[in-house]
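The shown structure was predicted, so the numbers you read here are calculated from the model rather than taken from an experiment. All values below come from the heavy atoms of this structure, side chains included, with hydrogens, waters and symmetry mates left out. Each chain gets a letter, A, B and so on, in the order the sequences are listed, and its residues count up from 1.
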Amino acid sequence: MEQLKVDFNKVIESLKLSEKSINSRKENLNQFVENGFPNKRVEDWKFSDLNQIISSNIENLRFHTDFEISEIDETTFIDKFAHNKIIFLNGVISKVDFSSEDDTKVLITRDLNQNENSKEVNSLVSLNNALITSYIRVTVKENYSMNEPLIIYNITTKELKSTAINLKTDIVLEKNSSLKLIDLFDDSSENNFINIVQNFDIAQDAILKNYKIDHKKNSNIKYSYNNINLEKNSISENFIFSTGSKFIKNEINCNLNDEYSSAFINGIINLTNSQHHEIKTNINHLAENTKSYQLIKSVLNENAKGIYQGKIYVDSKAQKTNGYQLSKALLLSENTEFDGKPELEIYADDVKCSHGATSGNLDEDAIFYLMSRGLSNQQSKELLIKGFLLDAVEKITDIEIKDLIKNMIGITE
Amino acid sequence: MLTIKDLKANIDNKEILKGLNLEIKPGEVHAIMGPNGSGKSTLSNVLSGKKGYTVTGEVKYFNENLLDLEIEERAHKGIFLAFQYPLEIPGVNTNIFLKTSLNAIKKAKGEKELDAIEFLKLVKQKAGELKFDEKILSRQLNVGFSGGEKKKNEILQMSILNPKLSILDETDSGLDIDALKIVSEGVNALRSKESSFLIITHYQRLLEYIKPDFVHVLINGQIVKSGGSELALELEKKGYESLS
């Protein structure tokens with residue numbers, strides 16, 4: 001914690017901040033110092049003791065970096081379709097490119113003094129408030145649909161070691177606008193802690209499609225917290241592809257604030273070795289005729305651990321809510337662990353809500369069937385696993401991005 | 001091509017096959033008939049290599065000990081089992097599965113694998129011969145297929161993989177008369193001097209369409225009587241009771 005205070009002062013010195021902003025950062029820092037990294041005594045973290053995970057994976061964690069790297073390895077860019085770019089390189093925004101959009105319709109703010117603190121839902125969000133050094137807000141104006149998807153690249157290089165970096169993005173979609181956003185991780189670094197906060201405000205009739213891709217194997221520890229506010233008749237579609245990091249917890253808090261808004265959160269967790277990934281969702285149905293749908297598919301090998309905690313809250317005002325969640329897990333070795341915690345908290349009486357969870361191994365009879373057609377045991381298992389995952393991938397409504405993710409899993413047609 | 005000597009198979013300490021002997025030569029069609037629980041499906045499972053059985057005795061396939069081969073090696077060497085209940089495999093596209101299967105066998109034989117275009121041409125031709133709607137092949141393997149479609153899919157796989165020994169396990173079960181005809185015509189079209197068939201069935205019905213060279217009666221894990229195709233008719237009249 002001494003290191004944290006020293007690093008905090010360096011961060012403050014390096015930025016031109018208003019007095020008000022500095023004071024608020026200090027408050028947030030104190031909140032973090034008081035609570036520390038969440039441990040398993042905190043109910044939301046009982047399956048993922050982050051304090052323990054960080055102390056056993058990262059030695060002498062630092063909270064400040066002063067080296068600069070300007071070269072970006074462009075081979076890591078997606079080349080299958082044209083797109084807008086925001087690039088975070090080791091936690092610092094190094095490129096913003098919206099050249100194919102109308103610049104009166106897409107507004108970008110990078111001024112840290114315009115950043116409003118995120119609501120301090122846990123100590124990690126407080127840490128993020130205290131320490132962010134780069135900030136970006138993207139506002140899509142009324143009635144504008146982006147021509148191309150936006151990819152936010154989160155790139156880390158091998159120079160980054162034992163460091164905590166804090167990123168923040170705000171996305172504002174005005175009435176009847178739309179955005180496809182891919183959050184793509186590309187890590188060449190080892191043993192860092194990456195803490196991301198994203199806020200989405202989605203106005204009436206607007207559509208957000210957000211795909212989170214953590215694909216490349218790496219030893220970093222990550223936490224991503226998303227807060228999504230949905231207004232009347234708006235849609236948020238999320239897909240989480242969780243397979244790269246040593247540890248990642250993706251947490252999504254989604255408020256269905258007004259009628260006919262809907263939220264879709266689908267995802268796959270595909271792990272080997274001692275990887276440990278968690279998806280946690282809170283869907284808050286706060287108005288009538290709102291809808292939510294969640295499908296999470298997990299494949300666990302060796303000593304991997306997967307967790308899905310999905311909560312659906314239905315306010316007493318939220319009549320005619322339609323809420324659904326399903327979790328299916330394949331446990332391919334005896335040493336894997338899957339924890340599922342579905343929660344329904346319902347205060348309205350005219351609602352349709354359901355949840356389900358299954359876990360098990362591959363069907364031996366199916367393996368026999370495939371092998372009797374000449375496929376090896378390995379080929380048969382791979383085919384069945386891809387088939388198992390495909391179900392969730394098929395929920396992606398954007399064709400280009402669906403194909404991109406299918407390719408990453410090795411499904412070709 | 002196939003010589004079975006004193007074949008015994010146990011599952012969960014229960015003896016199902018109790019010393020079975022059978023010889024199949026190239027080009028021959030053998031039918032095995034028997035009541036429920038006589039060991040018919042166990043025989044097809046043991047020949048195709050399904051795990052879970054303790055097996056003794058000898059099965060020579062050409063010059064190899066079949067029982068020493070892995071499931072997929074048996075397929076590579078030309079053994080095909082048409083399943084009584086073909087499995088539904090969600091998320092696996094039928095065409096992709098078929099291509100993977102055909103190329104796995106071709107690779108094992110040291111033959112050139114087919115590319116997507118060559119493969120589609122072959123499938124189109126074979127599906128046409130079997131009056132099998134190709135559209136179904138772009139769906140997930142057997143998922144939502146009717147009973148008849150599943151069995152036709154088995155026969156289609158058989159015709160594409162072109163095996164030396166085809167084992168048909170109760171292929172007629174769940175088929176209506178039209179589907180039965182189409183499936184039988186498919187099998188008959190594959191008959192040749194090199195390819196042999198082992199048809200496992202409860203009823204004589206299928207054998208009206210696929211005429212066997214030999215009929216064997218399997219009761220309580222042993223073949224109790226063998227004869228020509230007329231034996232099937234005799235069984236239909238008198239029932240299995242007369243032989244047990």
Derivation and outcome, side chain to side chain donor-acceptor pair (under 3.5 Å), residues B:Asn95 and B:Lys99: CA-CA 6 Å; B:Asn95 261 324; B:Lys99 184 164 169 260; over 6 Å; no
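Per-residue heavy-atom pair counts under 4.5 Å with chain A were compared for B:Glu73, B:Lys107, B:Arg74, B:Gln157, and the maximum is reached by B:Gln157. Counting heavy-atom pairs closer than 4.5 Å to chain A, the top-ranked of the candidates B:Glu70, B:Lys77, B:Glu72, B:Lys51 is B:Glu72.
Figure legend: cation-pi geometry between A:Lys395 and A:Phe264 absent, as NZ or CZ is not positioned both under 6.0 Å from the six-membered ring centre and within 45° of its axis. In this structure, A:Lys305 is not positioned above the aromatic face of A:Phe47 in the sense of NZ or CZ being under 6.0 Å from the six-membered ring centre and within 45° of the axis.
Contacts between B:Pro86 and chain A at a heavy-atom distance below 4.5 Å involve backbone atoms as well as side-chain atoms. For a residue to count as touching a neighbouring chain, one of its non-hydrogen atoms must lie under 4.5 Å from one of that chain's; by this rule B:Leu81 touches chain A with backbone and side chain alike. In this structure, chain A has no heavy atom under 4.5 Å from any part of B:Leu98. Of the atoms belonging to A:Gln379, it is side-chain heavy atoms, and not backbone ones, that fall under 4.5 Å from chain B. In this structure, chain B has heavy atoms under 4.5 Å from both the backbone and the side chain of A:Asp365.
When only modelled atom types and interatomic distance are considered, A:Asp183 and A:Asn210 share a side-chain donor-acceptor pair under 3.5 Å.
The aromatic rings of B:His30 and B:His216 sit parallel, their planes meeting at an angle under 30°, below the 60° perpendicular limit.
In terms of the salt bridge (charged side-chain N to carboxylate O under 4.0 Å, His left out) criterion, residue partners of A:Lys341 (sequence neighbours excluded) are, by chain and number, A:Glu43, A:Glu343.
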